[in-house]
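Every chain is numbered from 1 and lettered A, B, ... according to where its sequence line falls, protein lines coming before strand lines. Not measured: the values here are computed from a predicted model.
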Protein chains: 2
Amino acid sequence: MENTSKKTARPGKVKSRTYEELWTRPGYLIRRLHQIHVGLFAEECGGADLTPVQSAILTVLQGGEGMDQLTLSTSVGIDRTSGADVIRRLERRGLLTRISSEQDRRAKIVKITVEGRTFLKRVRPRMARAQDRLIAPLDDEEREEFFRLINKLVDANNKASRAPMGTV
Amino acid sequence: MENTSKKTARPGKVKSRTYEELWTRPGYLIRRLHQIHVGLFAEECGGADLTPVQSAILTVLQGGEGMDQLTLSTSVGIDRTSGADVIRRLERRGLLTRISSEQDRRAKIVKITVEGRTFLKRVRPRMARAQDRLIAPLDDEEREEFFRLINKLVDANNKASRAPMGTV
DNA sequence: GCAATAAAAGAAGTATACTGTGTAATTTTG
DNA sequence: CAAAATTACACAGTATACTTCTTTTATTGC
């Protein structure tokens, strides 16, 4: 909102924390910023039919060798079923393969394909542009501080998340 | 991740901005923090069957008089169709009413009910607890700075969002 | 060895949050 | 005043992100 209550009422300091106004609620601001990121990402990468989570999945696969769906979902920080949805869509597009493991026939090993690697290389600059635009309003010092604070929040609250990262 | 690459590689300063690692992508961190907030909110308010967006809708209605669905959705910062979904669900639960306007028969005027007000009063402490827990890892000074930075990002990027706020 | 347990995945269901299309009502314009 | 543009909503479809329940496969305990 560059409007109404915010401009008049925002005191620079919020001391009470009664969260009566939406824009004083951290969760609300984070949801808005998340929406904004999704919007920016779609603007840059939508033409390539790539979403932030799809990009994260492919990025993780690019680095390591194949892994099962649960490990992959967890390393991206999403629930196993949400991950399965994304992985299935990427498989349909030929960007990765899902092959039953020989060792453990319950597990399906996910691997990025050559097409997947090519695709990722092609869209990387657009992905980076979306990230750049998101933090463009901050100067260098503010960016460092923002990264520090958000990392602190994510790390400390990680256990509270419904899909905690790094627990595999 | 209090794991793998982050601990070893995180240099305190990220200068290159190549976004090769997930945790160096602002969009990724914001998505994680958003998930965490949703998780915390569900933990506190899930028993009352209340989501963050539902809470935002009811909060806006509580303050003013009735308004049409688009104005309501916009003031919460979501798309009109997403808003319509949420509003329909809240109507089904009797927490608000949707009545066709006399002045403009295209519009449906949304008003909070007495049950809605009672409900909101009852869950307010739990909502506040979710917000408190989210920013608990930060000290007072860090909180002020976090609010300042995230407000700056939201304000500056608002236009880029798919559902810009305050444009009504 | 076999039953109990645990783990990986699938399927169904819900909520959020969009896009796009279509419809009805209102307002603006020629 | 009639055509055109705009507005408010509804509906269908997609993607993310969960929950819960079930099936299949591995591991473990006895």
Does the side chain of B/Gln35 get closer than 4.0 angstrom to OP1 or OP2 of D/dC18 through an N or O atom?
yes
Which whole-number value in Å describes the distance from B/His34 NE2 to C/dC18 C1'?
13 Å
Looking across every strand, which nucleic acid part, if any, lies under 4.0 Å from B/Arg98 by heavy atom: base, sugar-phosphate, or nothing?
sugar-phosphate
Among C/dA8, C/dA15, C/dC18, the one nearest any side-chain atom of B/Gln54 is C/dA15
Atom CD1 of A/Ile30 to atom P of C/dT16: distance rounded to whole Å?
18 Å
The answer to which of B/Glu102 and A/Asp85 contacts DNA chain C further toward the 5' end, by nearest nucleotide, is A/Asp85
Do A/Arg80 and C/dA9 share a donor-acceptor pair, side chain to base, under 3.5 Å?
yes
Distance in angstrom units between B/Leu90 CG and C/dT16 C1', rounded
12 Å
Any donor-acceptor N or O pair under 3.5 Å, side chains A/Thr71, A/Asp68:
yes
Let me confirm one number: the CG-CD distance from A/Leu120 to A/Gln62, rounded to the nearest 0.5 Å.
4.5 Å
NZ/NE/NH1/NH2 to OD/OE distance under 4.0 Å, B/Glu145 and B/Arg148
yes
Kindly point out which of D/dC9, C/dG10, C/dA15 is positioned nearest to the side chain of B/Lys108?
D/dC9
Gap between atoms CG and P, on B/Asp68 and C/dT26 respectively (whole Å):
14 Å
Can you figure out which of D/dA10, D/dA15, C/dA8 approaches the side chain of B/Gln69 most closely?
D/dA10
Has the side chain of B/Arg106 got a donor or acceptor atom sitting under 3.5 Å from an opposite partner on the base of D/dT7?
yes
Can you find a donor-acceptor pair, distance only, under 3.5 Å between A/Thr51 side chain and D/dT16 base?
no
For A/Leu72 and C/dA7, give me the distance from atom CG to atom C1', rounded to whole Å.
17 Å
Could you check whether B/Arg106 and B/Ser101, counting side-chain N and O atoms only, form a donor-acceptor pair closer than 3.5 Å?
no
Rounded distance (Å) that lies between atom P of C/dT16 and atom CZ of B/Phe41:
11 Å
Could you state the CE-P distance from A/Met67 to C/dA9, rounded to the nearest angstrom?
12 Å
Taking the side chain of A/Asp79 as heavy atoms from C-beta outward, which of D/dC9, D/dT16, D/dT19 is closest to it?
D/dT19
Under 4.0 Å between any heavy atoms, over every strand shown, what does A/Arg31 touch: base, sugar-phosphate, or nothing? Just pick one.
sugar-phosphate
Any donor-acceptor pair under 3.5 Å joining the side chain of B/Arg105 to the base of C/dA25?
no
Which is more 5' along DNA chain D, the nucleotide nearest A/Ser101 or the one nearest A/Ser82? Just name the residue.
A/Ser82
Salt-bridge present (A/Glu44, A/Arg133; N to O < 4.0 Å)
yes
Please figure out whether A/Arg92 or A/Asp104 has its closest DNA chain D nucleotide nearer the 5' end.
A/Arg92
Closer than 4.0 angstrom, basic N to acidic O: yes or no for A/Asp132 and A/Arg129?
no
For atom CZ of A/Arg88 and atom P of D/dT16, their distance in whole Å:
11 Å
